[in-house]
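Okay, structure first, notes after.
These values consider heavy atoms only, across backbone and side chains, with no hydrogens, waters or symmetry-generated copies. Along the sequence shown, residues carry numbers from 1.
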Amino acid sequence: MVEVLGIPLYDRDIDTAVEEILRSLKGPFVEGNRRISATGAHGLVEARDNELFRQALLSCFINLPDGMPAVWVGRWKGAKQMQRCYGPDFFKTMMQASAKMSVKHFLCGGKEGVARQLQQNCER
């Protein structure tokens, strides 16, 4: 992890993030959430002005760098392997990697009916 504007951001790539998340689900149960955020410069700046949003990001299991400005700052701070972890790409990789596992995914946001449609698409 590397801190950017006080928020710890994941300092590797999507495939490694997915591996680490899935590995954290195996073995003995460990208390805590596995909430993942994909946030970019807008989210990092918003977290400076909005304490509730800042606390939400700080409570995440992993904050993925969803934009290149955060990656550039992270690399400048020494995270040389840091890659952009674009939210939709992470989502697709995670769904494929966990398809045959007994894992529950909870999604938040979106308009009425979007979550159901997304579920159907993932099931296909």
Side-chain angles (χ1 to χ4, degrees):
M1 298 294 167
V2 62
E3 275 197 22
V4 176
L5 295 179
I7 303 298
L9 291 180
Y10 190 69
D11 60 358
R12 300 286 302 277
D13 55 66
I14 289 173
D15 290 334
T16 307
V18 168
E19 287 173 19
E20 289 182 20
I21 294 162
L22 294 179
R23 188 172 39 247
S24 78
L25 298 173
K26 295 179 181 174
F29 177 74
V30 177
E31 286 277 334
N33 75 71
R34 298 298 186 280
R35 192 171 47 253
I36 312 300
S37 83
T39 194
H42 179 264
L44 295 171
V45 171
E46 181 67 23
R48 287 180 47 177
D49 298 330
N50 182 328
E51 184 60 24
L52 269 169
F53 188 65
R54 175 178 145 68
Q55 290 305 317
L57 290 180
L58 289 174
S59 71
C60 286
F61 183 66
I62 292 179
N63 292 296
L64 300 170
D66 191 28
M68 284 310 296
V71 172
W72 295 329
V73 172
R75 288 179 185 168
W76 178 74
K77 294 181 93 175
K80 300 299 181 201
Q81 296 182 21
M82 191 171 186
Q83 299 288 319
R84 181 179 187 214
C85 297
Y86 181 51
D89 291 343
F90 168 79
F91 182 83
K92 178 181 178 184
T93 303
M94 176 57 79
M95 293 300 114
Q96 290 173 336
S98 64
K100 295 185 180 179
M101 298 175 69
S102 177
V103 175
K104 292 182 180 180
H105 299 281
F106 297 88
L107 309 172
C108 44
K111 294 180 181 178
E112 184 77 29
V114 170
R116 180 72 179 126
Q117 186 177 24
L118 182 59
Q119 178 186 359
Q120 291 169 345
N121 289 341
C122 288
E123 288 170 350
R124 273 193 296 267

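Separating the NZ atom in Lys92 from the CE atom in Met95 is a distance of 13.0 Å, to the nearest 0.5 Å. Of the inter-residue distances, the one linking Ser24 atom OG with Lys26 atom NZ reads 10.0 Å to the nearest 0.5 angstrom. The structure places CZ of Arg75 at 10.5 Å from CD of Gln81, a figure rounded to the nearest 0.5 Å. In this structure, the separation between CZ on Arg116 and CG on Asn121 is 10.5 Å, given to the nearest 0.5 Å. Of the inter-residue distances, the one linking Cys122 atom SG with Gln117 atom CD reads 11.0 Å to the nearest 0.5 angstrom. Atom CD of Glu19 is separated from atom CG of Asp13 by 8.0 Å, given to the nearest 0.5 angstrom.
Counting only heavy atoms from C-beta outward, the side chains of Ile62 and Leu64 approach each other to under 4.5 Å. The shortest side-chain heavy-atom distance between Phe90 and Ile21 falls under the 4.5 Å cut-off. Under the 4.5 Å side-chain criterion, counting only non-hydrogen atoms from C-beta, Ile7 is not in contact with Val4. Looking at Arg35 and Ser59, their side chains come closer than 4.5 Å, going by heavy atoms from C-beta outward. Residues Leu9 and Leu44 are in side-chain contact: their nearest non-hydrogen atoms beyond the backbone lie under 4.5 Å apart. Using a 4.5 Å heavy-atom threshold, the side chains of Ile36 and Met94 count as separate. Phe53 places none of its side-chain heavy atoms less than 4.5 Å from the side chain of Gln55. In this structure the side chain of Met82 reaches within 4.5 angstrom of the side chain of Val2, judged on heavy atoms.
Arg34 forms a cation-pi arrangement with Phe61, by the criterion of a distance under 6.0 Å to the ring centre and an angle within 45° of the ring axis.
Minimum interatomic distance between Gly43 and Leu57 (heavy atoms only, all atoms of both residues): O-CD1, 4.1 Å. Closest heavy-atom contact between Gly87 and Ala38: CA-CB, 3.9 Å. Residues Asp11 and Ala79 approach most closely at CB-CB, 3.7 Å, considering heavy atoms.
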**Study point:** Steps toward side chain to side chain contact (heavy atoms under 4.5 Å, CB included) verdict (Leu22, Met101)
**Key:** CA-CA 9 Å; Leu22 294 179; Met101 298 175 69; 3.9 Å; yes
Practice item. Step by step, work out the side chain to side chain donor-acceptor pair (under 3.5 Å) result for Thr39 and Asn63. Key: CA-CA 7 Å; Thr39 194; Asn63 292 296; over 6 Å; no
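The salt bridge (Lys or Arg N to Asp or Glu O under 4.0 Å) analysis of residues 40-67, with sequence neighbours excluded, yields the pairs Glu51-Arg54.
Follow the hydrophobic side-chain contacts under 4.5 Å out from Leu58 and you reach Val45 in the same cluster. Clustering ILVMFWY residues whenever any of their side-chain heavy atoms sit less than 4.5 angstrom apart, transitively, puts Met1 in a cluster other than the one holding Trp72.
Other residues, nucleotides and ligands place no more than 12 heavy atoms under 6.0 Å from the NE2 atom of His42. Open room surrounds NZ on Lys100; 12 or fewer heavy atoms of other groups in view lie less than 6.0 Å from it.
A donor-acceptor contact shorter than 3.5 Å is absent between the side chain of Arg12 and the backbone of Ala17.
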